[in-house]
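The chains referred to below are lettered A, B, ... by the order of the sequence lines, with proteins before strands, and numbering in each begins at 1. None of these values were measured; they are calculated from a predicted model.
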There are 2 protein chains.
Amino acid sequence: MISHAVEDYLKAIYEIEEDVGHVTTSLLAMHLAVAPASVTGMVQKLAKARPRLVNYERHQGVTLTPAGRKIALEVIRHHRLIELYLAEALGYDWDKVDAEAEKLEHVISEEFEDKIAALLGDPTVDPHGDPIPTKDGTVAEACRLPLSAIEPGCTVRVARVRDADPEFLRYLAELGLTLRAQVTVTKRAPFDGPLHIAVGEAGAPVRTHALGRSVTDRIFVERQ
Amino acid sequence: MISHAVEDYLKAIYEIEEDVGHVTTSLLAMHLAVAPASVTGMVQKLAKARPRLVNYERHQGVTLTPAGRKIALEVIRHHRLIELYLAEALGYDWDKVDAEAEKLEHVISEEFEDKIAALLGDPTVDPHGDPIPTKDGTVAEACRLPLSAIEPGCTVRVARVRDADPEFLRYLAELGLTLRAQVTVTKRAPFDGPLHIAVGEAGAPVRTHALGRSVTDRIFVERQ
DNA sequence: CACTGAATTTAGGCGCGACTAAAAAATTAT
DNA sequence: ATAATTTTTTAGTCGCGCCTAAATTCAGTG
Ligand SMILES: [Mn+2]
Ligand SMILES: [Mn+2]
Ligand SMILES: [Mn+2]
Ligand SMILES: [Mn+2]
């Protein structure tokens, strides 16, 4: 039986691999809020497990084996399905779903997973725009075009927000920057200055904001 | 922070106290599927905790303190609300809800609890007829009249089934003996023989069965 | 190439919650 | 009242997942 801790390690390895490329001990330690020495210990255990869940060579970082990736994707599917279920069926705000899903992901049964997936109509993205892995372990390519890369004059739609921090998510919601919101970039201030945007559908009242790079780097958009 | 294990012990103590009266080490061990020595160890820890969660004197059994009872009732509220939610919102059969609730009860937040309680209309009983404790820790008196005590000729309604065994629950469902089903006792065979009953609403097709004592003792009913 | 600072690993230890085997206490039978 | 049986407790151990402190290894610099 796979422990909650192991599930969280595999999930974290997958996520770091996805958005940094190389998974180091210290990144894992930060991600999991655990001492680096604890990570080394766990990673050695995962590498010794049968079947092996990670590839690990001292000082070389960690990668998932197929068996490890399979478990990671199962946990991530649980997590994202639960997030969406909480938002859709129970009316959770998008800044609260992550913390709740973090605990529920480890305890729900296959039946629970299947029931909420069916109820949601086999959804493909969670409330933050992250793709939901399918049951057989395939994941759609996530949107990777940051708002910070959009030229003035272009109109795009928010497709994904890459941050789980509740404060950040509440801030975005206040600005109207929720999933699928329409955004027009009006101006980019020089010397890496703020990006000026207008948020809202054509016809509806449009709100304008100036956003710093650390914000616009974490919002991913799609062209229309 | 209270561990899942402690929550399960306190819940088990409450439940045994409720339907046997006196809570012994061996009953707890059976209930929790754990060795008797493990129970002794945990119970000593609960008695040493601050605030104390149980009263314990060697060889004298265990009782809950007010602090212990409070936690037990919170966990039981979670458990029964979740059972009902699974049945009502996700279409679970009543024999599957217990196993799922057993895990979920320890991880849901106050917000989750409040949301499902509101969605269910602040219900008072779970899918097996067990009363759901209120948020402030009061519990309605559970129905305690067993079907085995009903005289021939009387018509009653199933109010509570005192067993979590999925096989047993599926068997009852097959007989039509679900919560609130109408039952008329037609005959009691002598020498502790089977109880003959007719199940069904007036007008609907009525089915008859003969049930042994171990079944009728676990079905509680209310007079109409 | 040697030095230095950062990242990583090793060593040793802790609390939790379970276990088995053996001792002790309580209960029941003779 | 004593013996046999059952129940409960003690003693000792284990795996898990974390910790701190110290040792090691790596990477960048002069
Ligand atoms: Mn988690
Ligand atoms: Mn998400
Ligand atoms: Mn439980
Ligand atoms: Mn129940």
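For the pair His59(B) NE2 and dT28(C) C1', the computed distance is 16 Å after rounding to whole Å. When the C1' atom of dC16(C) is taken as reference, atom NE2 of His4(A) falls 15 Å away, rounded to whole Å.
Residues of residues 22-38 of chain B having a heavy atom closer than 4.0 Å to DNA chain D, listed by number: Thr24(B), Thr25(B), Ser26(B), Pro36(B), Ala37(B). Contacts between residues 6-18 of chain B and DNA chain D, counted as heavy-atom distances below 4.0 Å, involve no residue at all. Non-hydrogen atoms lying under 4.0 Å from DNA chain C are contributed by Gln44(A), all within residues 41-49 of chain A.
Partners of Asp114(A) under the side chain to side chain contact (heavy atoms under 4.5 Å, CB included) rule, at least two apart in sequence or in another chain, are Lys135(A). Legend: residues meeting side chain to side chain donor-acceptor pair (under 3.5 Å) with Lys103(B), ordered by chain and number and at least two apart, are absent. For His22(B), the ring-ring contact (aromatic ring centres under 6.0 Å, His included) criterion is met by no residue, not counting sequence neighbours. Contacts of Ala37(A) classified as side chain to side chain contact (heavy atoms under 4.5 Å, CB included), with partners at least two apart in sequence or in another chain: none. For Lys45(A), the side chain to side chain contact (heavy atoms under 4.5 Å, CB included) partners are Met42(A), not counting sequence neighbours.
A salt bridge links Glu102(B) with Lys11(B): at least one charged nitrogen is closer than 4.0 Å to a carboxylate oxygen.
Residue pairs meeting the salt bridge (charged side-chain N to carboxylate O under 4.0 Å, His left out) criterion with at least one partner in residues 20-34 of chain A, sequence neighbours excluded, do not occur; the list is empty. Within the structure, the ring pair (Phe, Tyr, Trp, His ring centres under 6.0 Å) test picks out the following pairs touching residues 104-124 of chain A (sequence neighbours left out): His4(A)-His106(A).
Arg69(B) forms no cation-pi arrangement with Tyr14(B), by the criterion of a distance under 6.0 Å to the ring centre and an angle within 45° of the ring axis.
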Which side-chain N or O atoms in residues 137-151 of chain A pair as donor and acceptor under 3.5 Å with protein atoms at least two apart or in another chain?
from	atom 1	to	atom 2	distance (Å)
Thr138(A)	OG1	Thr134(A)	OG1	2.8
Arg144(A)	NH2	Glu18(A)	O	3.2
Ser148(A)	OG	Asp217(A)	OD1	2.6

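Nearest heavy atoms, Glu17(B) versus Val23(B): N-CG2, 3.5 Å.
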Item to check | Residue pair Phe168(A), Val215(A): steps toward the side-chain contact (heavy atoms from CB on, under 4.5 Å) verdict | outcome: CA-CA 9 Å; Phe168(A) 181 67; Val215(A) 173; 4.1 Å; yes
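Annotation: side chain of Leu177(B) is in contact with side chain of Ile197(B) (closest heavy-atom distance under 4.5 Å).
On the nucleic acid side, DNA chain D has its first and last nucleotide under 4.0 Å of a heavy atom of chain B at dT8(D) to dT10(D), going 5' to 3'.
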